[in-house]
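Values below: all heavy atoms of this structure, side chains included; hydrogens, waters and symmetry mates excluded.
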Amino acid sequence: MYKKLYFLRHGETDWNIAGKLQGWTDIPLNSTGREQAFLTAEKLEKYPINRILSSSLKRAIQTADIINSFLNVPIMINPALKELSYGICEGKNKQFISLQYARLLHDMYDKNNPNRFNLSMPNGETWNQAEKRVLTYLNQTLENCTEEHILIVSHGRIITNLFLTQLKTSIQIGNCGCVSCLYDTNKKTFSTPELILKGFYKEPPISMTSKGEIYNDI
């Protein structure tokens with residue numbers, strides 16, 4: 001049986017504007033982020049969404065609640081959908097991190113590095129660790145979920161990496177950006193990726209590292 005999944009990144013926060021890594025730090029939406037969620041809700045009304053799954057972080061819950069004020073569907077909140085942990089780098093400016101951890105970031109972003117998904121920021125979470133918690137939750141929940149069109153409100157790195165590893169698709173979405181795919185509940189596989197909403201981009205550009213590399217999506 002197939003389900004249609006809609007992965008939505010949360011609305012804007014003050015740390016998005018400041019270019020700070022958020023990770024598990026529980027930062028709420030700012031006024032712009034709440035407005036983005038309302039505008040996104042109006043666009044999502046035309047889709048037959050009949051359940052919402054949300055990360056347990058405030059910025060995701062607030063986004064989900066605003067959207068659900070339009071959709072009025074069952075909602076489930078779970079920490080398995082929260083952002084990748086960035087360890088001691090949470091709260092740090094991305095420009096500083098791009099310089100301080102240039103070698104580590106190079107290895108994490110090197111497509112030819114077979115170990116890239118086992119790397120993390122200091123005291124943070126690897127993508128393999130994050131992917132395991134996300135997929136374990138989704139596989140169990142979707143198997144027992146009767147609804148067929150499900151909105152998943154999560155975070156930028158979680159959505160981007162999930163589409164990269166599960167669908168071999170490179171995506172970039174702004175705040176309240178949304179991408180969809182089909183999910184086979186029997187095979188537990190994803191297919192047919194599609195960009196629904198590009199989202200809002202207001203985050204500041206990140207300077208180049210000493211090696212001339214730019215990491216504007218960490």
Side-chain angles (χ1 to χ4, degrees), residues 7-37 40 54-64 79 81-111 113 115-131 133-134 153-165 170-179 197-218:
F7 288 88
L8 179 76
R9 185 186 176 192
H10 61 80
E12 181 187 281
T13 71
D14 287 342
W15 279 23
N16 286 144
I17 295 300
K20 294 180 180 181
L21 287 185
Q22 297 181 107
W24 288 5
T25 307
D26 208 3
I27 307 300
L29 297 181
N30 59 24
S31 58
T32 300
R34 292 190 292 272
E35 180 181 359
Q36 291 171 349
T40 301
S54 174
S55 155
S56 59
L57 294 174
K58 289 177 184 175
R59 55 194 185 270
I61 294 175
Q62 291 171 337
T63 301
L81 295 174
K82 64 185 179 182
E83 179 63 293
L84 183 75
S85 169
Y86 292 110
I88 65 173
C89 291
E90 292 184 13
K92 301 288 195 305
N93 185 278
K94 293 180 184 179
Q95 183 173 355
F96 166 81
I97 293 168
S98 289
L99 293 170
Q100 185 73 14
Y101 300 101
R103 181 70 257 176
L104 174 59
L105 287 170
H106 174 273
D107 292 342
M108 291 173 71
Y109 278 73
D110 183 0
K111 295 179 181 179
N113 179 10
N115 195 45
R116 60 186 294 216
F117 294 127
N118 287 314
L119 299 175
S120 71
M121 304 308 291
N123 296 334
E125 186 180 31
T126 70
W127 170 242
N128 282 339
Q129 291 171 328
E131 184 177 45
R133 65 169 161 85
V134 172
V153 184
S154 189
H155 305 267
R157 180 50 49 195
I158 291 297
I159 297 170
T160 297
N161 277 18
L162 192 67
F163 271 67
L164 180 62
T165 54
S170 179
I171 61 166
Q172 291 296 325
I173 53 175
N175 291 113
C176 283
C178 184
V179 290
L197 300 169
K198 290 183 178 180
F200 302 88
Y201 288 92
K202 290 186 179 179
E203 297 175 58
I206 306 303
S207 297
M208 285 197 232
T209 70
S210 58
K211 294 180 177 293
E213 297 157 324
I214 300 176
Y215 302 103
N216 60 358
D217 62 344
I218 54 177

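- Between Y86 and R157, the closest side-chain pair of non-hydrogen atoms falls below 4.5 Å.
- Rounding to the nearest 0.5 Å places CG of D107 at 10.5 Å from CZ of R116.
- Side-chain contact between W127 and I158 is present, with heavy atoms from C-beta onward closer than 4.5 Å.
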Is there a side chain to side chain contact (heavy atoms under 4.5 Å, CB included) between I173 and F163 once you walk through the steps?
CA-CA 12 Å; I173 53 175; F163 271 67; over 6 Å; no
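- Taking the side chain as every heavy atom from C-beta outward, N128 and E131 approach each other to under 4.5 Å.
- Using a 4.5 Å cut-off on side-chain heavy atoms (C-beta onward), K20 and I27 make no contact.
- Here the shortest heavy-atom pairing between S98 and L105 reads CA-CD1, 3.6 Å.
- E12 has its side chain within reach of N30: a pair of non-hydrogen atoms, C-beta onward, lies under 4.5 Å apart.
- Summarising the geometry of R59 relative to L29, their closest heavy-atom pair is O-CD2, 3.5 Å, with the distance given to 0.1 Å.
- Taking both residues in full, the closest heavy atoms of A130 and L84 are given as CB-CD1, 3.6 Å, listed atom of the first, atom of the second, then distance.
- For the pair I171/I159, a side-chain contact is recorded, criterion being any heavy-atom separation below 4.5 Å from C-beta on.
- Every residue two or more places apart in sequence or in another chain that forms a side-chain hydrogen bond (donor to acceptor under 3.5 Å, both in side chains) with S55 is listed here: H155.
- Rounded to the nearest 0.5 Å, atoms CE (M121) and OH (Y101) are 6.0 Å apart.
- With rounding to the nearest 0.5 Å, the separation of CG in L8 from CG in L197 is 7.5 Å.
- Of the inter-residue distances, the one linking T25 atom OG1 with W15 atom CH2 reads 4.5 Å to the nearest 0.5 angstrom.
- Atom CD1 in I17 sits 7.5 Å away from atom CG in N175 (nearest 0.5 Å).
- The shortest side-chain heavy-atom distance between Q22 and H10 falls under the 4.5 Å cut-off.
- Here the shortest heavy-atom pairing between W24 and E90 reads N-OE2, 2.9 Å.
- In terms of heavy-atom proximity, N118 sits nearest to T126 at O-CG2, 3.1 Å.
- Residues T40 and T63 fail the side-chain proximity criterion, which asks for heavy atoms closer than 4.5 Å.
- For the side-chain hydrogen bond (donor to acceptor under 3.5 Å, both in side chains) test, residues two or more places apart in sequence or in another chain that qualify with E125 are R133.
- With rounding to the nearest 0.5 Å, the separation of SG in C178 from CZ in R9 is 13.0 Å.
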